[in-house]
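For reference, the structure is listed below as structure tokens.
Every heavy atom of this structure was used, including side-chain atoms; hydrogens, water molecules and symmetry mates were not. Here the structure is a predicted model, which means the values were calculated and not measured. We name chains A, B, ... by the order of the sequence lines, and we start the count at 1 in each one.
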There are 4 protein chains.
Amino acid sequence: MVGKVGVDRRIQRTRQILQDALMALILEKGYDAVTVQDVIDRANVGRSTFYSHFQDKDALFLSGFESLREQFEQYLSDGASMNGDPWNLSLQMFQHAQSHLQLYKALAGKQGGTVALEHIHKYLTALMREHFKSQFLERKDMDVPPDVLAHYMVSSFMALLTWWLDHDVPYPAERMNDMYRQLTQPGIIAVLR
Amino acid sequence: MVGKVGVDRRIQRTRQILQDALMALILEKGYDAVTVQDVIDRANVGRSTFYSHFQDKDALFLSGFESLREQFEQYLSDGASMNGDPWNLSLQMFQHAQSHLQLYKALAGKQGGTVALEHIHKYLTALMREHFKSQFLERKDMDVPPDVLAHYMVSSFMALLTWWLDHDVPYPAERMNDMYRQLTQPGIIAVLR
Amino acid sequence: MVGKVGVDRRIQRTRQILQDALMALILEKGYDAVTVQDVIDRANVGRSTFYSHFQDKDALFLSGFESLREQFEQYLSDGASMNGDPWNLSLQMFQHAQSHLQLYKALAGKQGGTVALEHIHKYLTALMREHFKSQFLERKDMDVPPDVLAHYMVSSFMALLTWWLDHDVPYPAERMNDMYRQLTQPGIIAVLR
Amino acid sequence: MVGKVGVDRRIQRTRQILQDALMALILEKGYDAVTVQDVIDRANVGRSTFYSHFQDKDALFLSGFESLREQFEQYLSDGASMNGDPWNLSLQMFQHAQSHLQLYKALAGKQGGTVALEHIHKYLTALMREHFKSQFLERKDMDVPPDVLAHYMVSSFMALLTWWLDHDVPYPAERMNDMYRQLTQPGIIAVLR
DNA sequence: TCCTAAGCGAGACGGTACGTCTTGTCTTCCA
DNA sequence: TGGAAGACAAGACGTACCGTCTCGCTTAGGA
């Protein structure tokens with residue numbers, strides 16, 4: 001059973017080739033326009049090989065997202081703690097996006113599909129609940145229900161993130177995060193009294 | 001030239017039947033799962049008839065959105081002026097959505113496609129530019145560029161709107177708009193000094 | 001309901017094109033080597049069109065056989081009666097094969113599949129039962145059961161027919177039938193006493 | 001040099017396992033429906049193992065036929081001589097089939113493929129030429145060419161054999177051979193004058 | 001009142017992509 | 001080092017939709 005390493009390496013290599021092919025094609029034509037056949041041709045891979053690794057195009061796409069997520073969490077744990085500050089988390093994400101720009105553009109830019117955006121949305125919402133539930137998510141006396149609050153914070157963040165990814169503006173991550181903070185922090189503070 | 005009225009009536013009737021069929025099907029299965037064949041069958045219409053009226057499913061869908069837009073603009077001009085207040089506009093939209101709930105759910109809810117959301121986004125952004133450009137969109141000295149500001153305001157609004165449409169919560173339109181104002185107004189004021 | 005004629009003509013034309021394409025390809029590569037894709041390409045027809053007319057390659061093939069059968073039965077009823085003589089029937093078939101040599105080679109030659117041979121076998125066996133049952137197929141006192149007798153006569157005939165189709169020998173149909181009669185008639189007479 | 005015996009044994013064992021697996025599967029689903037994957041799974045063998053022993057499914061199948069042929073020839077040489085009598089040879093084969101019924105059904109029954117039948121046909125034709133050429137195969141003055149004669153005799157025989165294998169009738173080998181003789185001998189004698 | 005142009009239903013058609021299946025080759029590991 | 005396990009490229013299969021098309025029928029409206 002130890003002898004599987006080499007085989008596993010082959011498998012991993014094929015998966016990587018497929019992911020790369022998809023990302024490249026997304027940046028060229030946009031997610032929806034890419035067909036499984038395109039990916040297969042670009043990756044020089046047999047049709048059945050594709051389907052033995054991934055259920056469909058979405059699955060391949062999301063596997064790329066998972067890589068991204070793992071990288072990001074590694075990045076997070078390496079960095080400073082968040083001090084319970086959501087805008088610290090958003091900063092990390094802006095920074096991470098900046099250093100993996102092509103990947104982020106393919107996955108979360110307007111060329112990417114809805115699939116990833118929804119995934120990221122869910123992921124961030126979960127992350128927020130996890131880290132800040134004690135602070136406000138369980139208070140019952142607010143005008144704005146915690147659910148709405150979380151949804152708003154994540155949506156606003158992603159609005160700025162995707163805008164940034166889709167317009168080739170020279171703003172650095174820190175500038176983007178400052179905007180995000182300026183726009184959202186006052187409202188959040190007001191709501192939390 | 002004059003004799004076309006009866007024919008036009010027939011044409012309008014067919015278009016309406018197709019729009020209704022699509023809306024009904026979207027609420028049943030979600031936008032993506034609906035095929036042109038489904039619409040044709042439901043509407044009891046020939047395939048070529050469909051394509052003589054609309055280029056594709058998206059075009060039919062957007063024609064439904066146009067109806068909505070016209071209704072909404074009628075509603076707007078009937079109501080009080082906005083006094084240059086974005087949260088007055090958002091209130092009108094929440095109210096309009098409330099009184100056409102099924103239609104809004106089909107078009108902008110999670111059953112609807114991305115197509116409509118993007119369309120609405122663009123429309124609202126244009127509306128904002130139109131009405132409030134004098135106020136701040138042309139100031140050059142802000143930390144947050146007007147583009148980002150508009151994008152943020154529309155995105156936040158739509159986040160609350162879609163959340164409201166997709167979760168069957170009993171909040172009235174006014175309550176939703178209060179939340180929207182509470183969350184966004186302080187930040188906007190701060191940014192505008 | 002009269003308006004279906006034009007459509008039917010189109011349908012018949014497409015079916016004919018597909019049959020012709022298959023027959024040509026069989027003569028080129030043999031039945032088994034021909035793929036549905038080959039037929040589609042040769043016939044300049046869409047994939048779904050093929051499947052809307054025929055369930056699979058075998059069905060298309062057998063539809064060609066049905067044409068042949070109809071032709072043959074027309075030929076039979078035009079010609080002299082069989083007088084209850086099986087070797088008269090076999091003669092007709094040798095003659096019919098001779099005048100439609102390419103078609104017979106494609107369907108029943110070694111390039112053709114097993115499908116047609118089995119079909120023809122069954123067809124001829126049924127034909128025999130129909131025409132000669134009174135003579136001997138219901139006698140119970142024979143050493144050779146009627147079933148075996150019919151199977152033997154048809155198999156022998158087809159052995160000579162396929163041999164003839166597969167070897168480009170200059171024997172005319174009448175010569176082949178004489179051989180068939182010489183070989184089988186004495187045995188049949190002996191068995192029937 | 002010395003250690004090859006054990007290896008050869010292993011090799012033989014693998015080949016046998018594969019043959020058995022194929023035969024069993026043919027009786028279950030028919031030759032055409034059996035895939036290489038089926039055989040591999042049934043035999044608990046790796047894919048490359050299969051292909052290192054046999055070129056393809058047909059080759060494996062025919063190797064089974066070769067075993068049968070060797071057995072039969074052993075059986076032949078053990079028994080009485082044929083006295084130049086074809087119906088003695090056919091009797092031996094009917095008898096041999098009777099005592100290896102399952103194997104014959106798998107190879108030559110309707111579950112078996114065309115491959116075996118063609119092989120057996122060729123083999124028997126050759127056997128006939130070998131043993132009886134002096135008698136008539138070289139006469140030039142017959143109405144029926146020797147080629148056709150041989151083809152007819154073998155085809156008739158196989159017609160009766162396969163009929164017998166495919167219908168579970170209680171006739172013993174001798175009875176089948178009597179039928180074969182009754183049907184064919186008179187014609188043959190007549191042709192040979 | 002009849003004629004004629006257009007709207008329309010029905011659905012055949014050429015295409016494209018899908019996800020499944022099988023084949024024969026190639027790579028890796030292990031005994 | 002040679003045989004077993006199984007990953008792989010290739011490509012056919014049958015299905016599902018798409019957007020174009022051809023065909024007769026119905027149904028105004030103007031003559």
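In this structure, the CZ atom of B:R9 is 14 Å from the C1' atom of F:dT27, given to the nearest Å. In this structure, C:I17 atom CD1 and E:dG14 atom C1' are separated by 12 Å, rounded to whole Å. Whole-Å rounding puts the D:L60 CG to E:dT23 P distance at 12 Å. One atom, CD1 of C:I40, and another, C1' of F:dC13, lie 10 Å apart when rounded to the nearest Å. The CZ-P distance, from B:R15 to E:dG7, rounds to 12 Å in whole Å. For the pair A:D41 CG and E:dA17 C1', the computed distance is 12 Å after rounding to whole Å. Atom C1' of nucleotide E:dA12 and atom CG of C:D8 are separated by 11 Å, given to the nearest angstrom.
Annotation: the span from A:L117 atom CG to A:L107 atom CG amounts to 9.5 Å, rounded to 0.5 Å.
Note that A:K57 lies in the cation-pi zone of A:Y31, set by a 6.0 Å cut-off to the ring centre and a 45° limit from the axis.
Surrounding NZ of A:K29 are more than 12 heavy atoms belonging to other residues, nucleotides or ligands, all under 6.0 Å away. Annotation for D:Q55: atom CD does not count as buried by contact number, only 12 or fewer foreign heavy atoms lying within 6.0 Å.
The closest side-chain donor-acceptor pair between A:Q12 and A:D8, if any, does not fall under 3.5 angstrom. A side-chain donor from one of A:E73 and A:Y123 sits under 3.5 Å from a side-chain acceptor of the other.
Under the 3.5 Å distance criterion, the side-chain polar atoms of A:D166 are matched with a main-chain donor or acceptor of A:K110. Within the 3.5 Å criterion, the main-chain N or O of B:M158 finds a donor-acceptor partner in the side chain of B:T162.
Contact between D:G30 and D:V34 at its shortest, heavy atoms only, is O-CG2, 3.3 Å.
Residues of residues 22-39 of chain C that place a heavy atom closer than 4.0 Å to DNA chain E do not occur.
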Report, one pair per line, the protein and nucleotides 8-11 of chain F atoms (nitrogen or oxygen only) whose separation is under 3.5 Å.
from, atom 1, to, atom 2, distance (Å)
F:dC8, OP1, A:R10, O, 3.3
F:dC8, OP1, A:T14, OG1, 2.5
F:dC8, OP2, A:H53, NE2, 2.7
F:dA9, OP1, A:N44, O, 3.0
F:dA9, OP2, A:G46, N, 2.9
F:dA9, OP2, A:T49, OG1, 3.0
F:dA10, N6, A:S48, OG, 2.4

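In terms of position on DNA chain E, the residue among D:Y51 and A:K57 whose nearest nucleotide sits closer to the 5' end is A:K57.
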